[in-house]
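Right, one structure below, let's go through it.
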Amino acid sequence: MRKTSERVLFLLGSPKDPDRSNAARLGGLVVDGLEDCGWESEFVHLHRAVSSEEGTAALLRAVGRSDVMLFSAPLSVDSLPAPAIRALELIAARPRPADGRRPPRFVSIVHCGFLEPSQNDTCQRILSRFADQAGLEWVAGVSLGAGGRITKRIRQAFELLVDAIDLELLVPDTVDRLTRKPVMPRWLYIWGGNAMWKRWAERNGVKERLKERPYLR
């Protein structure tokens, strides 16, 4: 029989303000979809939570109330942000309830600045291991490249993910196929990246120094 008060806990692992964070926008697609299905939601910005004892205690209480934990974060230099890692360590070390209650299900969304979503694979395996050690039920790890850019295809994948979470079904392979396909051609990604660096260099008055090689022997 379906419960009437399912709750998703959105754990934001980005250091940015939620209004400026791609990780927040990606996680928001899932949360909004679940709310449309009648779920309740709770939000914790992990960087703020681990900065105080009160925040940490509130985080752990929220974990205890959740049916699904949704973790969304950027991958920076092959690693999650340090405060997000600290928060996951605290969750894994928390006292476990002894009332026989079903453990929360865990879904991770990781995006990176590279074009290839496969850059996130090692991080997703680590998160799967975290879920096991934390006594959580691993559901899926969704990986995106190109800075987590949201396209029509990405929205379609997240709609399928929401349905799977809501109905407690296996996440279909279609989600992986839709999110793993690069969102743009490689040449366009490189061109856009070069244009971005030139804009930033001009803004900081060093545009003429981009080709310097100070460490060349």
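Surrounding CZ of Phe43 are more than 12 heavy atoms belonging to other residues, nucleotides or ligands, all under 6.0 Å away. Taking a 6.0 Å sphere around CG of Asp173, one finds it holds 12 or fewer heavy atoms contributed by other residues, nucleotides or ligands. In Leu170, the CG atom is not crowded: 12 or fewer heavy atoms of neighbouring residues, nucleotides or ligands sit closer than 6.0 Å. The local environment of CZ in Arg102 is crowded, with over 12 non-hydrogen atoms from other residues, nucleotides or ligands closer than 6.0 Å. Other residues, nucleotides and ligands place more than 12 heavy atoms under 6.0 Å from the CD atom of Glu212. Shown here is Arg149, whose CZ atom has no more than 12 heavy atoms of other residues, nucleotides or ligands within 6.0 Å. Residue-environment remark: CZ (Arg96) exceeds the threshold of 12 foreign heavy atoms within 6.0 Å.
When the side chains of ILVMFWY residues are joined at heavy-atom separations under 4.5 Å, either directly or via intervening members, Val31 and Ile154 end up in a single hydrophobic cluster. Taken together through direct or relayed side-chain contacts under 4.5 Å among Ile, Leu, Val, Met, Phe, Trp and Tyr, Ile109 and Phe130 form parts of separate hydrophobic clusters. Using a 4.5 Å cut-off between side-chain heavy atoms of Ile, Leu, Val, Met, Phe, Trp and Tyr, with links allowed through other members, Leu115 and Val110 fall into different hydrophobic clusters. Cluster membership check: Val30 does not share its hydrophobic cluster with Leu46, using side-chain heavy-atom separations under 4.5 Å among Ile, Leu, Val, Met, Phe, Trp and Tyr. The hydrophobic clustering, which links ILVMFWY residues whose side-chain heavy atoms are closer than 4.5 Å, places Trp39 and Leu9 apart.
The nearest pair of heavy atoms linking Trp138 to Ala131 is CE3-CB, 4.0 Å. Between Leu12 and Ala24 the shortest heavy-atom distance is CD1-N, 3.6 Å. Among all heavy-atom pairs drawn from Leu136 and Pro103, the shortest one is CA-CB, 4.5 Å. Considering all non-hydrogen atoms of both residues, Gly13 and Pro81 come closest at O-CG, 3.3 Å. A pairwise comparison of heavy atoms in Leu59 and Ala87 identifies CD2-CB, 4.1 Å as the closest pair. Residues Pro117 and Gly145 approach most closely at CG-N, 3.7 Å, considering heavy atoms.
Sequence neighbours left out, the pairs with a member in residues 193-213 that pass ring pair (Phe, Tyr, Trp, His ring centres under 6.0 Å) are Trp197-Trp200.
Within the model, atoms CD1 of Ile91 and CD of Gln133 stand 13.5 Å from one another, a figure rounded to the nearest 0.5 Å. Interatomic distance, Phe114 CZ to Asn120 CG, rounded to the nearest 0.5 Å: 10.0 Å. Note that CG of Asn22 and CG of Leu144 are 10.0 Å apart. Values are rounded to the nearest 0.5 Å. Atom CZ of Arg7 is separated from atom OG of Ser41 by 8.0 Å, given to the nearest 0.5 angstrom. In this structure, the separation between CG on Leu34 and CD1 on Ile165 is 5.5 Å, given to the nearest 0.5 Å. Here the NZ atom belonging to Lys181 is positioned 14.0 Å from the CG atom belonging to Asp176, to the nearest 0.5 angstrom.
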**Prompt:** Please walk me through it: do Met69 and Leu11 pass side-chain contact (heavy atoms from CB on, under 4.5 Å)?
**Reply:** CA-CA 7 Å; Met69 291 168 53; Leu11 303 176; 3.6 Å; yes
**Asked** Checking side chain to side chain donor-acceptor pair (under 3.5 Å) for the pair Thr174/Arg177: CA distance, chi angles, key distance, verdict?
**Response** CA-CA 5 Å; Thr174 307; Arg177 289 198 299 269; 3.1 Å; yes
**Request:** Report the C-alpha separation of Leu169 and Asp163 in whole Å, then their side-chain angles, then the decisive distance to 0.1 Å, and conclude whether the side-chain contact (heavy atoms from CB on, under 4.5 Å) test is met.
**Result:** CA-CA 8 Å; Leu169 302 173; Asp163 288 342; over 6 Å; no
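In this structure a side-chain-to-backbone donor-acceptor pair under 3.5 Å is missing from Ser21 to Asp17. Side-chain atoms of Arg94 come within 3.5 Å of backbone atoms of Ala134 as a donor-acceptor pair (strictly under, hydrogens ignored). Judged by distance alone, the side chain of Asn204 and the main-chain N or O of Val206 form no donor-acceptor pair under 3.5 Å. Between the side chain of Glu116 and the main chain of Pro182, no donor-acceptor pair closer than 3.5 Å is present.
For the 3.5 Å distance criterion, the side chains of Arg48 and Ser51 fail to qualify, holding no donor opposite an acceptor. Looking only at atom types and distance, the side chain of Glu42 has no donor-acceptor partner in the side chain of Ser66 under 3.5 Å away.
Taking the side chain as every heavy atom from C-beta outward, Glu40 and Arg65 never approach each other to under 4.5 Å. At a threshold of 4.5 Å between non-hydrogen side-chain atoms, the residues Ile85 and Ser79 count as touching. Using a 4.5 Å heavy-atom cutoff, the side chains of Leu88 and Leu127 are in contact. The side-chain heavy atoms of Thr122 and Asp78, taken from C-beta on, include no pair separated by under 4.5 Å.
In this structure, Phe71 has no ring pair (Phe, Tyr, Trp, His ring centres under 6.0 Å) partners at least two apart in sequence or on a different chain. With sequence neighbours excluded, the residues forming a ring pair (Phe, Tyr, Trp, His ring centres under 6.0 Å) with His45 are His47, listed by chain and number.
Under the 4.0 Å criterion applied to side-chain N and carboxylate O atoms, Glu202 and Arg199 are not assigned as salt-bridge partners. Ion pair Asp32/Arg25 not flagged as a salt bridge, since none of the NZ, NE, NH1 or NH2 atoms sits closer than 4.0 Å to an Asp/Glu carboxylate oxygen.
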